[in-house]
Amino acid sequence: MTAGKMNDGGAKPETLLRVAEIGGRGRSLVAAQSLRAGQVILRESPLLLYSAFPFLSSSVSPYCDHCFRLLASSAQQKCQSCSLVSFCSPNCFASHTPWLCESLRRLHQSSSAAFSDQPSDRQVQARFLLSAYNLAAASPSDFQILLSLQGNGSSDGDSSSDSAAAGFLHSLLSAVCPPLPVSVSPELTAALLSKDKVNAFGLMEPFSVSNEKRSVRAYGIYPKTSFFNHDCLPNACRFDYVDSASDGNTDIIIRMIHDVPEGREVCLSYFPVNMNYTSRQKRLLEDYGFKCDCDRCKVESSWSEGEEDENEVMEGMDDENEEEEMEDSECENEGEVFGNGVDDESSFPHAYFFVRYMCEKENCFGTLAPFPPKTHEASKVLECNVCGSLKEDEVGGNQ
């Protein structure tokens, strides 16, 4: 469930979280004890990773195909057999198995004709299936973990489109690739694609102020992290340090945004929290197959389109006067304010969350969380999970 590496607070993750069934939300992760702002509750390495670059992309991936760090031109090692992937070190190159290499080479040779009338994301799905089948040969037990994840193909979005993708990719890979390391069927292909759709996490390209919309460099499957449900005002957020960490650079780290009492569900936001109600609902339904009815959505569902647009603009503004007022009236009861249940929906603290926990850097839209606490008091320094910028938390210390 939540077993993993030792977290930055000294406590093991399995003592911090437990799985519970919550009415209307299904399997959920709840706090097994009181959790503190900034506390690392989970650190997890990926079950598998695969490139987000299509086979026919006009640009060559600038990342190592194993750890997905930016490649230094002087150090990269290009595979001489398939000529399609490069690596930053011999250790990363060792992950490139002969079966995967030959499959990539054959698939690329036939890709121009095979993918000519297919959307570009079909090529990325092919990369996932190759990685999944490669995992089955390298580690059958890990492949079984992948198969155990949620996602059954029946309620995960557009089932007709998903079925067409599964049929196309199954036929293509069966015909083109060397003998597959596992016995495959259209049903297995469809099941794998469904699990990828609802469980994959994107590792984003490096942040740049000039780049308003960052692209995904790679996708990863993190089984334990996939247990977290979505909430449009989350109480935890994910960090990764792909380009800066020396070890475990593709690990996902889940850190608490603010204090949470024992028994309360711990949730992430599956996308930037500044998105408006209509956009959030559309994305959740298309990508994950459900309609969100969190407390924030219950309030915003009654807003008119004009009110929604106005509030979206307001959420991105830094209103110092509003921050001061809310610090006085609400920070003392933050544990009550940020729960899954809100007594007074008319005073739902959207503005408070955005002022305190939304990064102000241009084109960032990241979420801020305190550094892990080193004493009995929470850290007063907040870190953005997108651009990495730091902010002094004037309210911190009372949690």
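- Looking at S194, its side chain never comes within 3.5 Å of a backbone N or O of A190 through a donor-acceptor pair.
- Considering CG of D142 and CD1 of I145, their distance stands at 5.0 Å, rounded to 0.5 Å.
- Of the residues L42, L16, N229, I41, the one that meets the side chain to side chain contact (heavy atoms under 4.5 Å, CB included) test with V266 is I41.
- Contact between A166 and L193 at its shortest, heavy atoms only, is CA-CD1, 3.7 Å.
- The aromatic rings of F87 and H96 lie tilted to each other, with the angle between the two planes from 30° to 60°.
- Using a 30° and 60° split on the angle between ring planes, Y352 and Y357 fall in the perpendicular class, above 60°.
- A donor-acceptor pair under 3.5 Å is formed between the side chain of Q39 and the backbone N or O of R36.
- For the side chain to side chain donor-acceptor pair (under 3.5 Å) criterion with Y63, the lone passing option out of R217, E205, R69 is E205.
- In this structure the side chain of S269 reaches within 4.5 angstrom of the side chain of H230, judged on heavy atoms.
- Of the inter-residue distances, the one linking L100 atom CG with L135 atom CG reads 11.5 Å to the nearest 0.5 angstrom.
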Practice item. Apply side chain to side chain donor-acceptor pair (under 3.5 Å) to the pair S302 and Y277, showing each step before the final yes or no. Key: CA-CA 10 Å; S302 63; Y277 172 78; over 6 Å; no
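- Side-chain contact check for Y222 and T250: no donor-acceptor pair (N or O, by modelled atom type) lies under 3.5 Å.
- Ring pair Y288/Y270: centre-to-centre distance below 6.0 Å.
- For the residue pair D196 and Y50, a side-chain donor N or O sits within less than 3.5 Å of a side-chain acceptor on the partner.
- Remark: I221 CD1 to E44 CD distance equals 10.5 Å, nearest 0.5 Å.
- Nearest heavy atom pair, residue A32 against residue T15, reads CB-O, 3.6 Å.
- Under a 3.5 Å cut-off, the side chain of R296 and the backbone N or O of L233 do not form any donor-acceptor pair.
- Here the side chain of W99 pairs a donor or acceptor atom with the backbone of P179 at under 3.5 angstrom.
- Remark: side-chain polar atoms of S301 are paired, donor with acceptor, to backbone N or O of K298 under 3.5 angstrom.
- With hydrogens and angles ignored, the 3.5 Å screen pairs no side-chain donor or acceptor of N385 with any backbone N or O of G366.
- Enclosure of atom CZ in F53 by more than 12 non-hydrogen atoms of other residues, nucleotides or ligands within 6.0 angstrom is indicated.
- Geometric assessment of R280 against the ring of F271 yields a negative cation-pi assignment under the 6.0 Å and 45° thresholds.
- Proximity of a side-chain donor or acceptor of K391 to a complementary backbone N or O of C359 within less than 3.5 Å is not detected.
- Side-chain contact between C177 and L173 is present, with heavy atoms from C-beta onward closer than 4.5 Å.
- Side chains of F365 and M358 form a contact here, defined as non-hydrogen atoms less than 4.5 Å apart.
- At a threshold of 4.5 Å between non-hydrogen side-chain atoms, the residues L35 and L17 count as touching.
- Residues S110 and L172 approach most closely at OG-CD1, 4.4 Å, considering heavy atoms.
- Side-chain atoms of Q125 and R122 include a donor-acceptor pair closer than 3.5 Å.
- Summarising the geometry, atom CZ belonging to R127 is positioned 13.5 Å from atom CG belonging to L48; distances are rounded to the nearest 0.5 Å.
- No donor-acceptor pair under 3.5 Å is formed between the side chain of N249 and the backbone N or O of D243.
- Under a 3.5 Å cut-off, the side chain of R356 and the backbone N or O of D393 do not form any donor-acceptor pair.
- Put simply, the side chain of N199 gets close to the backbone of Q150: a donor and an acceptor are under 3.5 Å apart.
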